[in-house]
Structure formats: C-alpha cells, structure tokens
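Structure first, then comments.
In listed order, ligands and their atoms are each counted from 1.
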Amino acid sequence: MSVKQEDVLKDENLITYIEEIAKDTALLHGVLMRTKETPNSPEVVSYAPFTLFPTPVPTALFHQALAVQTHFNRLVDRVSQNPAFLEETLASTIKVDNFTARLFNIYKQVQQEHRPQSIVLGLNRSDYMLDHSPYGGTSLKQIEINTIAANFGGLASRTPDVHRHILKVANLPEESNNVLDNNPAAGLARGLAKAWELYGSERAVVMFLVEDNELWKRNIPVIRRQLEDVCRTGSLDESRRLFVDGREIAIVYFRNGYMPQNYTSDKARLMMERSLAVKCPDISTHLSGTKKVQQELARRGVLERFFPDEPETVAQIRATFAGLYTLDMGEGDKTVAVALANPDQYVLKSQKEGGGNNIYDSEICEVLENLKNSTERMAYILMDKIQPVPVQNYLLRPGATLKLNSCLSELGVFGAYVRKGKDMVFNECVGHLLRTKRVAVLDNPLLV
Ligand code: ADP
Ligand code: MG
C-alpha cells in the first residue's frame, strides 16, 4: 500500500465523508442484498457488505490464478470421469462420513446404469489465499475448489465501479485504473447457454434449485424450485427426460444441495442424476470437489496420472497446492502426530461445505486426542495453514459502525466448461471474486 493510501486510511474526516458516498454508490450500482430482518421481502434491501477500499494483490499472482483456471476445469472434469480414482479416494471417507456416503451411493447407482448424460456443465470457483513465507516471498495457494453452488458471480461484476469511484473521491485516481472490470456471471451464463443449446429443446427450461433469491437472466426459460418441489412433482419419461411441474428440464443448477440439511431424502437427487437433464454439477463432479479428493490430488504422482503428457499443466496446478495430509488409519498416524505437535501450523477439515466448519489451534488437539484411535478421524483431512499478511481496511456492513480492521482476503476464480461426449466444447476462466474478512465481505483486487 502506498504512503498516500495509508494517509487516506488514517484521515478520519475523509473516511467519514467517503463512507457516505461509498454506501450511496453501492446502492446506485446494485450492490444489494435483502436484509436479515426481512429476508423474504422484495420491498426492503440494503447494500451488500463490502470493503471501503480494494485490496492490493500482486499482478503476477492474480494472473497466475486466472491462467491456471482452465487447467483446473479440465482436472475436475477428468477426476469426475475416473470411477476407479473416486472409489479408491473416497473409500475411507464414506465409511465414516454419512453425507459423503449418501452422495457416493447415488453416484454408484447412476454408474451401474451406464447411461450418463453426454453433456456435462461445470461451473466452479477455485479459492486462493496469498501465503507469506517466513523467509520472504508470497505465493498463491489454493484453499479449495467449489464444484457446487459457487456463488457471488453476480455481485462481483458490480463492485469494481464502486471501488473505482471511491478511489477517485479519495484522490487516488491512478489507483482506480488498477481495479479491473469483472463479470463472472456473464461467463457462467455463457457456459450455461452452451449446455442448454446442446440439450437441444427450446421448450426445456433451466431449473435453479434454490432456497434464496438469486437469479441469472438470459433468453433462456428459467424456473426456480426447491428440492422438495422435485420430490413432489418430478418425474422421468420413458426416454429419461426430467419433468418438474409439467416443464421439461434441460439443466438443473444446484444453488444448494451441498449440505445434508438441504435434503429430506435422496429421492429427488437420484431422479435428477438418472435423468437426461444436464446437472450442474452432476454427482461425480460434486464428489470431485470434496476435500478428500483435494487431499489425494496433492499426493505425489497423482496429477501426473490425470495429465500424463502435460508436465507444464501439472507444474502449474501443483504450484498452487498447499500441503495436504491423509488421516486414514495407518498412513495417517504420522499426520496425527505432526498436527498434535504443531496445531497452529495446520487446519483440520471435515468434508462439510458452506463455511464455519474448519478446526484450528488447540481445538485440533481436542478433536484429534478424541479421535486418534478411531476410524472417525478418516472423515477429516489436514492442511497446511496458509499465512497471508493482514491488510488494514474498513468493512462496510449495514448497521455496523466503521472501524479500521486487520483483514485477510481470499481470491476466487470462476471457471466454466462444457463437455459433450469426449469433446471439451467450452473451457474458460470467466472472472474473479475477492472477499475480505473478518466476516467475509465483497472486495476487489487493486493490482500492484
Ligand atoms: P468451506 O467448504 O467451508 O468453504 P474452506 O476450505 O473454503 O471450506 O474453508 C473455509 C475458510 O477457512 C476459508 O474461506 C479460509 O478463510 C479458511 N481456510 C481454509 N483453509 C485454510 C488454510 N489451509 N489456511 C488458512 N485458512 C484456511
Ligand atoms: Mg470455501
């Protein structure tokens, strides 16, 4: 951060002035969210939480993250198409993790029918943090890849204008040139549109499985339903076309379905998986995004199996991996020992998705002391803790007073791909998302 920027951060009068303008600008540009108090009211909205200033991100690392995305798209797709790998990798996990076991069970049932939909649509987001080595140097490290319900693609396109305006008001006009345009939702929709065309029926609709109120728009018919609706009214015809409420479904987009509490039963998911509808993600791609798969991919020699003739692709992907370690019985004994010895160096992760499930510091010891002799520990993996340098910023949140905070940022990169049979017909990196926390809020990279 430049001296000039640091001066701005400390100028209380200027900050108060900018705060007001920032909120107005967010409203003007549609950085909006329904409120906690009235989540179902279309009458009341507020600005979505965001940082007052964009966060400096080194240009080279930013471009590294964008450049590796089409490789990650292909990796996820190849993993999803490798039943032996998925089975072997998840064998220990599904013995003790009930939700992964349920998903795997659906996967096996669909596998046995040998009639997969030949059109695959993948919309994912690979998340990174910038690891600061104690010996100097900063590197891009992947936190995880989200293969289901990777969101915020819409709001991310609206925040660059807000930050550029704020920088101008703060008398930092040059910096405002270093906030890039970004429109992941458009790219995700292009992928979706491609898959819809390939499905080949103009009447068939895209069904968003949601419990909240996000929506993407295109000239493609869209309906929003809940898993419950599919349970009640879903059916397959003799050629396995999926119908819900009498509408033929070309694409099922899962906006939820990554948590056990999203499902009252597995019936609807199984029906959709067995159907000709394009699933985003299909069950094998969903499983390919588990933390257990991530850990196995980081094992020596595994990426090479997926890209046997592409050492550069392997190197590019591998460069983003942090250390990941199995907790399987036997091999994982070592992992338990290192985690107990240095808990502050690691993150303990179960297969749960959706935030707030990771285990840190002394709690790692509590959990592992409890589980170390039990197969229950196989539901977890261990990961090196990535250590970014905190950055000072103000976080704007409705109802909260503004104060200078020490913040950590996470860079997400959106990928979209469509495969038909053996041909990748669409494979793109479609945008990015910077989120900054104490509690995660929207942000933008300020390339430096
Ligand atoms: P989830 O599926 O819940 O999103 P993540 O793997 O993304 O799980 O972890 C949630 C959050 O925990 C991340 O957004 C990041 O802030 C933090 N986190 C995860 N892994 C690490 C890590 N290896 N080092 C440091 N922080 C991490
Ligand atoms: Mg995450």
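- When Asp443, Val391, Val57 are each tested for a side chain to side chain contact (heavy atoms under 4.5 Å, CB included) with Ser409, only one passes: Asp443.
- One option in Gly323, Gly355, Gly289, Ala322 has a heavy atom closer to atom 3 (O) of ligand 1 than any other, and that option is Gly355.
- By the 3.5 Å distance cut-off applied to N or O atoms, Lys291 is counted among the residues near ligand 1.
- Glu144 contributes atom OE2 as its closest N/O/S atom to the Mg ion (ligand 2).
- Residue contacts with ligand 1: Asp384 is placed with a nitrogen or oxygen under 3.5 Å of a nitrogen or oxygen of the ligand (distance criterion only).
- In terms of protein heavy-atom proximity, atom 21 (C) of ligand 1 is closest to Ile143 CD1, 3.6 Å.
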For this session: Show the numbers, then the answer: is there a ring pair (Phe, Tyr, Trp, His ring centres under 6.0 Å) between Tyr346 and Tyr360?
Result: CA-CA 7 Å; Tyr346 299 100; Tyr360 300 93; over 10 Å; no
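- The local environment of CD in Glu88 is sparse, with at most 12 non-hydrogen atoms from other residues, nucleotides or ligands closer than 6.0 Å.
- The heavy atom nearest to atom 15 (C) of ligand 1, considering only Glu410, Met259, Arg435, Lys352, is found in Glu410.
- Of the options Asn357, Asp131, Ile386, the smallest heavy-atom separation from atom 25 (C) of ligand 1 is shown by Ile386.
- Nearest protein heavy-atom contact of atom 17 (C) of ligand 1 is Tyr360 OH, 3.3 Å.
- Note: Phe208 and Phe254 fail the aromatic proximity criterion, with ring centroids not under 6.0 Å apart.
- Across the listed options Lys141, Glu144, Glu353, Glu144 owns the non-hydrogen atom lying nearest to atom 4 (O) of ligand 1.
- Under a 4.0 Å N-O distance rule, the pair Arg269/Asp266 does not qualify as a salt bridge.
- Using a 4.0 Å cut-off between a side-chain N of Lys or Arg and a carboxylate O of Asp or Glu, Lys385 and Asp361 qualify as a salt bridge.
- For residue Glu353, no N/O/S atom approaches the Mg ion (ligand 2) to within less than 2.8 Å.
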